[in-house]
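Reading through the structure tokens given below for one structure.
Throughout, a chain's letter reflects where its sequence line sits, starting with A, and its residues are numbered from 1.
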4 protein chains.
Amino acid sequence: MSGINKVILVGNLGADPEIRSTQSGDTVATLRIATSETWRDKQTGERMERTEWHRVILWRRLGEIAGQYLRKGSKVYIEGKLQTRKWTDQSGQDRYTTEIQGNELQMLDSRGSGEGDTTERPRESASYNRSTESPRAQAPAQSRAPEPHQDFDDDIPF
Amino acid sequence: MSGINKVILVGNLGADPEIRSTQSGDTVATLRIATSETWRDKQTGERMERTEWHRVILWRRLGEIAGQYLRKGSKVYIEGKLQTRKWTDQSGQDRYTTEIQGNELQMLDSRGSGEGDTTERPRESASYNRSTESPRAQAPAQSRAPEPHQDFDDDIPF
Amino acid sequence: MSGINKVILVGNLGADPEIRSTQSGDTVATLRIATSETWRDKQTGERMERTEWHRVILWRRLGEIAGQYLRKGSKVYIEGKLQTRKWTDQSGQDRYTTEIQGNELQMLDSRGSGEGDTTERPRESASYNRSTESPRAQAPAQSRAPEPHQDFDDDIPF
Amino acid sequence: MSGINKVILVGNLGADPEIRSTQSGDTVATLRIATSETWRDKQTGERMERTEWHRVILWRRLGEIAGQYLRKGSKVYIEGKLQTRKWTDQSGQDRYTTEIQGNELQMLDSRGSGEGDTTERPRESASYNRSTESPRAQAPAQSRAPEPHQDFDDDIPF
DNA sequence: TTTT
DNA sequence: TTTT
């Protein structure tokens, strides 16, 4: 009943988005996003860099936009919330993966997007047209049909 | 050289802060913070709640303030960045834990804090006095058992 | 088609919320929120404080919640966007006022709220009941004198 | 002693940065940044757009970087805090202008910057070299010599 | 006054 | 695995 759980990222995709669909037909995109920070070492004066990798999940309309417009190297602004999910590895052990459930996506490359407001929200039937989904976002996704929210059929989900 | 990696949390501590020190004498506090969201189920009209747990690391002055002023149940505002670190479990397997490296802390309980600006920044020698460190933040920290979810060595707490 | 415009505040109300209604019946609340920062002067070692005042506008359900639960002194988390609007003063001169159009409100006082998720979003007809509006949020709002800093007409409060 | 006052913008410069210097020699840059939001009108289905203009102030090193690397049209990420300052117009009336005092700047154009971490912080004497200031940031600025923090000699400062 |  |  109380709480703020907010993540803001600006970074680049390390790979093309992975697009899947749930059995109920919802698109879900997984992005790997790198954020780098650089600084100069106080002692040596050397320039240092540290890259952090983030796993971002985008559902439905945002996932479709990601599948259509984002590629390896794309620069994006992402807003979302942290979610840690539990899964079981091959040896039966509990494992945890922390992901960012994105609710806002802005493409920052000048190539442009053709898309307007990409904040996630309840779909206004009039303004959203499923036929705009890219084939890429549909076909290969359907054939995997993972469970909603998780239990993706990867061996190494993180 | 590029990137924003920012987390903002408002939530409550699930336990007293764990306080440790590095060999070089730096204080490090680990907080477990819960953020909850509630909503009403569209179908059933039932009130739903989901709690997310976050692991927050506070270094040096912020860690000391946490040790001095925060307790189980304290409500806080935290700002920081995501960091996923790799560790090796007992069976020799690679494991990953995502933490928030906090750089700002605000206590939101009305009891107050006596502290002013708690943004982390390079220490101004004049205004910071190591002797203000609470005893609690120093000695007893070492004697606590490390948290099971980790393989902390007290000398290298992070 | 591009842009992020986000404000995050944690602060206290300097006065009870002002509640009004538009002709179309939408509630609008105006909050005056103070955020303070303190620091120690580098030269004198003196403790300094600076308070900043923010004008926050909350519409519809958020405005009603504000009217019902917030009072002078209440501590809140607000998220919203900046909006500068132009108005004309008595002498016919153009004037500008910058406000925060809030889209998220969290009450941070321990007294609690009884409210769950207060993120603004399209109203789900089932879960929202206009009869929950507080009387305070409706009738007396109209009778209040507009704030001097503005030239509000009660019919067009924004 | 309490409060969060944070602004996050991603937008484009409407004009080249204005660069000045205070009498004490500090560089100060003023940016005009546009953030746009677009949506589709529920009734007409028409695409709508609203642009908001922000006045961003960058001090010292950040101001110098802005003067060197930013131009009209540049896309930037800005983080800062809101500050409303009072000034007096020609007729002696009090006026108020709300600005964002920036403490983080990220250039989002692919042209690159040559700069690393641009978070504002106390200057590390070793790593900061005043001779890196661009001539553009110096010469024209000195001849105006406004007061620190405000009272710029513009007729229309907002 | 920017951008898509 | 990205980017500068």
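Rounded to a whole Å, the CD atom of D:Glu49 is 12 Å from the P atom of E:dT2. Atom pair A:Ile78:CD1 and F:dT2:P shows a separation of 18 Å (rounding to whole Å applied). Between D:Arg40 atom CZ and E:dT4 atom C1' there is a gap of 14 Å when expressed in whole angstrom units. Distance A:Leu70 CG to F:dT2 C1': 13 Å, rounded to the nearest Å. At whole-Å resolution of the value, CD1 in C:Ile4 and C1' in E:dT3 are 13 Å apart. Between D:Asp109 atom CG and E:dT3 atom C1' the separation is 10 Å, expressed in whole Å. Atom pair A:Ile33:CD1 and F:dT2:P shows a separation of 14 Å (rounding to whole Å applied). The distance from atom CD of A:Glu52 to atom P of F:dT1 is 17 Å, rounded to the nearest whole Å.
In this structure, of F:dT1, F:dT2, E:dT2, it is F:dT2 that holds the atom nearest to the side chain of A:Ser36. Listed candidates were F:dT3, E:dT2, F:dT1. Nearest to the side chain of A:Ala15 is F:dT1.
The side chain to side chain donor-acceptor pair (under 3.5 Å) check on B:Lys81 picks up A:Glu37, with sequence neighbours excluded. Residues satisfying the side chain to side chain donor-acceptor pair (under 3.5 Å) test with A:Ser91, not counting sequence neighbours, are A:Asp89.
Judged purely by atom type and a 3.5 angstrom limit, D:Asp109 uses its side chain to pair as donor or acceptor with the backbone of D:Lys75. A side-chain donor-acceptor contact under 3.5 Å links D:Gln106 to the backbone of B:Gly3.
A:Thr35 comes within 4.0 angstrom of nothing in the nucleic acid, heavy atoms only.
For D:Lys72 and E:dT2, the shortest distance from a side-chain N or O to OP1 or OP2 is below 4.0 Å.
With centroids closer than 5.5 Å and planes inclined by less than 30 degrees as the test, A:Trp53 and the base of F:dT1 pass as a stacked pair.
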